[in-house]
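Everything on this sheet refers to the single structure shown next.
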Protein chains: 2
Amino acid sequence: MATMRDVAILAGVSTATVSHVINGSKRISPETTERVLQAISKVNYRPNTLAKSLRLGQTHTIGVLVEDIRGLPVAAIVSGISETLAKGGYKTIFHDLHLLEKLYNQYEQIGIYRQRINEGLALLQSSNVDGIIYVAMHDRHLDYLFDPMDTPLVFAYSHGTESDTFVTYSNRDSAADMVRFLLGKGHERIAVIAGHPHSYPTGQRLLGIQMAMQQAGLTIPQEYIRYGNWEYDSGLEQTLELLKTDPLPTVIFAMNDLMAAGCMAALLSAGLRIPEDVAVVGFDNREIASYLQPPLTTIALPTPEIGTRAALHIIDMINNPSTHPVREIIHCSIIERESV
Amino acid sequence: MATMRDVAILAGVSTATVSHVINGSKRISPETTERVLQAISKVNYRPNTLAKSLRLGQTHTIGVLVEDIRGLPVAAIVSGISETLAKGGYKTIFHDLHLLEKLYNQYEQIGIYRQRINEGLALLQSSNVDGIIYVAMHDRHLDYLFDPMDTPLVFAYSHGTESDTFVTYSNRDSAADMVRFLLGKGHERIAVIAGHPHSYPTGQRLLGIQMAMQQAGLTIPQEYIRYGNWEYDSGLEQTLELLKTDPLPTVIFAMNDLMAAGCMAALLSAGLRIPEDVAVVGFDNREIASYLQPPLTTIALPTPEIGTRAALHIIDMINNPSTHPVREIIHCSIIERESV
DNA sequence: AACAGGAGGTTAATTTATTAACCGAACGCT
DNA sequence: AGCGTTCGGTTAATAAATTAACCTCCTGTT
């Protein structure tokens, strides 16, 4: 690979002049500029990023640390991140923690989490990244997971603490929106298949649901609220339980599309029609939602926006190191299909 | 950040000694070693990767260029790649071409492809990556898309040319396997919903299907072969056409899961039972396959292996620059569910 | 004529880590 | 005693850029 020195010799000038021509950091006469440019294209010179970064102390590279790229929303977020970073002239160093399997038995394995996360962070820092974006799907409080560090950090999808910058989506308000949507369609007997009882999204979404009901002067009876484990089978099982209630709910709000799919299967096998007898809605807008029979009305996570905003924030933090942490909560949208 | 110089001063030695202690490149007395180690941990020293890479001429970084991370198999492949690279001590620079939208109108836009790909490659090369893995889902011939370069390159998923190293999966043999599997279940009237008529996978899979049939002394009648466009709707439409044949096929082999889903919907709406009246199989093993009613028997792409193998190859090429190109074709496996 | 000042370059220090070449002291051997 | 090794370090060049400081003409002003 040609170096600046080769160019300088060929053009009959010093490396300083070549540098000034490239960066416009000093007036150079048109003739000299032309000679240097000629030389550059002749030897097909490209600046050595390593040398430049070493000298300047910044790499124009952002570390993206993900829990697991195989998680659908993670891939969509990373897509948004990488597009925005590239537009801003930043490169992306990608590191995957491969933590998908362990996603739900979180509290037991907190030590492993902590260790792996900090290894990942150390790796990225040793690559001299200018900033780090952490993309996680889980709902844990992350504050004490992170060793202190001086590299700017933003959380995408998951929450940070109060002193962190993060961008996430609104669990509570989205669930409330959905309830208002259902109310608007004339549904008053709304049943819920929640996720893991103690998880953060479950709590927040339940809160939003109850808020919206209350505002309409309604409540959800205890037997209409059931807890699953986010998986298809639990949606099926809990629906079977719901079918024992009398009167039946007119709509079932499953807290993710997988459980909604299980729910629909149970309903169908009980001979009920969707949405005529019981309507169903989900949460997440996974691929499966549009291929269910009937296609599922659900809530779309604002995944590309989360990525875009997170990337914008990290760039901002690099350029203005003293800015205050920002907490951005992006609204979800309801995707209306035929299950209501 | 502490530098080697800080460590040297604190330990009362030269930077050369510190370097030798860290790299074991020279005998250093136990006492001095101990003093240096103490100093390192005292100032929390970490070697500056940029300086090291600049001096040594290699970054231990691999560029991963993907057409679009939102494509499911791409994310799974990247997962395999990143895991293997990390184990091998390599970092990953990730660059996404965001080409998903344009995936099927390929021939018109070849100029854009070419330009974007080479911009991506140039970007990675300017980051001084030691090697590049290109992950694409499409079936184009890529030979003339790439400007010549000296950085080692391996193709994952898509084909390269004869002179490239690539790892992909077997379209023809997998389709043949599926036919043999169906034959073994007693099916002899096999209908096919193919993908785009002129696409590479369509051609190869059709070839495999006909090969396997021929070996069994059978052929597929012309009216049993229909072409879709890989989308749900086309699976539905083509199944409607197949239902006009007499006798009906006993099984429909859709060349992807989306078309298989459409096919099942058409069958169900025609009052046919799956698999009793007509069985259905797909290709890809997307998430949707396990949630269809009944769950779909399909072919699983060896995505993690493709990633793993590609990563291993690139590492090998870096360490042994003179090795010949290798073409690796990985076998798919049949995922047996309840649609047959 | 003398001097200021600007235009257009160059010199050399700097960023951090690696490593070939070198150097002094201690030790062993005849 | 004299010589050759080995041990345990150090010195300084090197990788490829950036940039403050400096230097030399040349022009314009009084």
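Values below: all heavy atoms of this structure, side chains included; hydrogens, waters and symmetry mates excluded. This one's a predicted model, so the numbers in the text were calculated from it and none came from an experiment.
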Regarding [X], tell me which of base, sugar-phosphate or nothing describes its non-hydrogen contacts under 4.0 Å with the strands shown.
{"X": "Ser19(A)", "result": "base"}
{"X": "Thr17(A)", "result": "base"}
{"X": "Thr32(A)", "result": "sugar-phosphate"}
{"X": "Val18(B)", "result": "nothing"}
{"X": "Ile22(B)", "result": "nothing"}
{"X": "Leu54(A)", "result": "base"}

For this output row, return yes or no: ring centroids of Phe155(A) and Phe166(A) closer than 6.0 angstrom.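 Distance test on ring centres: not under 6.0 Å, no.
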Tell me: [atom1] of [X] to [atom2] of [N], nearest whole Å?
{"X": "Asn48(A)", "N": "dT15(C)", "atom1": "CG", "atom2": "P", "value": "18 Å"}
{"X": "Ile28(A)", "N": "dT19(D)", "atom1": "CD1", "atom2": "P", "value": "14 Å"}
{"X": "Arg27(B)", "N": "dT19(C)", "atom1": "CZ", "atom2": "P", "value": "19 Å"}
{"X": "Lys52(A)", "N": "dT16(C)", "atom1": "NZ", "atom2": "P", "value": "18 Å"}
{"X": "Asn23(A)", "N": "dA17(D)", "atom1": "CG", "atom2": "P", "value": "11 Å"}
{"X": "Arg5(A)", "N": "dA12(C)", "atom1": "CZ", "atom2": "P", "value": "14 Å"}
{"X": "Asn128(A)", "N": "dT15(C)", "atom1": "CG", "atom2": "C1'", "value": "11 Å"}
{"X": "Ile9(B)", "N": "dA17(C)", "atom1": "CD1", "atom2": "P", "value": "12 Å"}

Which nucleotide in [options] has an atom nearest any side-chain atom of [X]:
{"X": "His20(A)", "options": "dG8(D), dG9(D), dT19(D)", "answer": "dT19(D)"}
{"X": "Ser14(B)", "options": "dA12(C), dT11(D), dT19(C)", "answer": "dT11(D)"}
{"X": "Leu56(A)", "options": "dG9(D), dA17(D), dT19(D)", "answer": "dT19(D)"}
{"X": "Ser29(B)", "options": "dG9(D), dA17(D), dT11(C)", "answer": "dG9(D)"}
{"X": "Lys26(B)", "options": "dT10(D), dA15(D), dA17(D)", "answer": "dT10(D)"}

Taking the nucleotide of DNA chain C with the nearest heavy atom to each, does Thr33(A) or Ala51(B) sit closer to the 5' end?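 It is Thr33(A) whose nearest nucleotide is closer to the 5' end.
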Taking everything shown except Arg327(A) itself, do over 12 heavy atoms lie less than 6.0 Å from its CZ?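 Result for CZ/Arg327(A): enclosed.
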Which residue is it: Val21(A), Asn23(A), Thr15(A), Ile22(A)? I am looking for the one with a side-chain contact (heavy atoms from CB on, under 4.5 Å) to Ser19(A).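 By the side-chain contact (heavy atoms from CB on, under 4.5 Å) criterion, Ser19(A) pairs with just one of Val21(A), Asn23(A), Thr15(A), Ile22(A): Asn23(A).
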Going by side-chain contact (heavy atoms from CB on, under 4.5 Å), Val129(A) matches just one of Leu123(A), Leu121(A), Thr151(A). Which one?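 Option passing the side-chain contact (heavy atoms from CB on, under 4.5 Å) with Val129(A): Thr151(A).
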In terms of relative ring orientation, are His60(A) and Tyr90(A) parallel, tilted or perpendicular, with 30° and 60° separating the classes?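 Parallel: the ring planes of His60(A) and Tyr90(A) meet at under 30°.
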